[in-house]
Amino acid sequence: MVLTAMLVGLAGALMSLEFSLPMMPPFYKIDFSDVPSIIALFSLGPVSAVLVEVIKLIVKVVTVGTNTDYVGELANLLGIVLFILPTWFVYKKMNKTRKL
């Protein structure tokens, strides 16, 4: 639980470092706040990775707010879940083990 909380804190800090892409609409932004959820995926499992993302988005909505009526946050959550689950299934299919 502590490692998940630390990864949420790291994701929250990385979320504030987002920047817009040049010559693109302003809602196209790059941030590296999904990296801690990938770390959580390989070290703690998919439930912890999804929890990192959900809590990160709750922290973002509470601190910064939303200008997309929660559509951007929902799309971010859906996108990362659709990235995490296949990655986890491939990882398990290759018979890799987690070492803590």
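In what follows, residues are counted from 1 in the order of the sequence shown.
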Under 4.5 Å between side-chain heavy atoms, counting indirect links through other Ile/Leu/Val/Met/Phe/Trp/Tyr residues: same cluster for [X] and [Y] or not?
| X | Y | value |
| --- | --- | --- |
| L44 | I55 | yes |
| I39 | L51 | no |
| L77 | I38 | yes |
| I84 | L74 | no |
| I80 | L85 | yes |

Are L21 and K29 packed together at the side-chain level, in the sense that at least one heavy-atom pair is separated by less than 4.5 angstrom?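 Of all side-chain heavy-atom pairs linking K29 with L21, none is under 4.5 Å.
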Decide yes or no for I30 and E18: does some side-chain heavy atom of the first lie under 4.5 Å from some side-chain heavy atom of the second?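 Result no, sub-4.5 Å side-chain heavy-atom pair not found.
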In sequence, state the C-alpha distance, the side-chain angles, and the governing distance for L17 and F32, and then conclude on side-chain contact (heavy atoms from CB on, under 4.5 Å). CA-CA 8 Å; L17 300 175; F32 297 103; over 6 Å; no
Between the side chain of S37 and the main-chain N/O of D34, is any donor-acceptor distance below 3.5 Å?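 Indeed, once roles are kept as given, a pair shorter than 3.5 Å links the two residues.
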Taking T63 for the side chain and V59 for the main chain, is one N or O donor matched with an acceptor at less than 3.5 Å?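 Side chain of T63 to backbone of V59, a donor-acceptor pair under 3.5 Å: yes, one is there.
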How long is the span from the OG atom in S48 to the CG atom in L3, to the nearest 0.5 Å?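 Rounded to the nearest 0.5 Å, the OG-CG separation comes out at 6.5 Å.
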In Å and rounded to the nearest 0.5 Å, what is the CG to CG distance from N76 to L57?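 Going from the CG atom of N76 to the CG atom of L57 covers 5.0 Å.
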Does the side-chain contact (heavy atoms from CB on, under 4.5 Å) test come out yes or no for T87 and L41, once each step is laid out? CA-CA 9 Å; T87 304; L41 174 70; 3.8 Å; yes
How far apart are the C-alpha atoms of V81 and E53, what are their side-chain angles, what is the distance that settles it, and do they pass the side-chain contact (heavy atoms from CB on, under 4.5 Å) test? CA-CA 9 Å; V81 167; E53 283 297 317; over 6 Å; no
For residues [X] and [Y], report the shortest heavy-atom separation together with the two atoms involved.
| X | Y | answer |
| --- | --- | --- |
| V8 | V52 | CG2-CA, 3.7 Å |
| E73 | G65 | OE2-O, 4.3 Å |
| W88 | P46 | CE2-CD, 3.5 Å |

Apply side-chain contact (heavy atoms from CB on, under 4.5 Å) to F19 and D31, showing your working. CA-CA 7 Å; F19 57 92; D31 67 346; over 6 Å; no
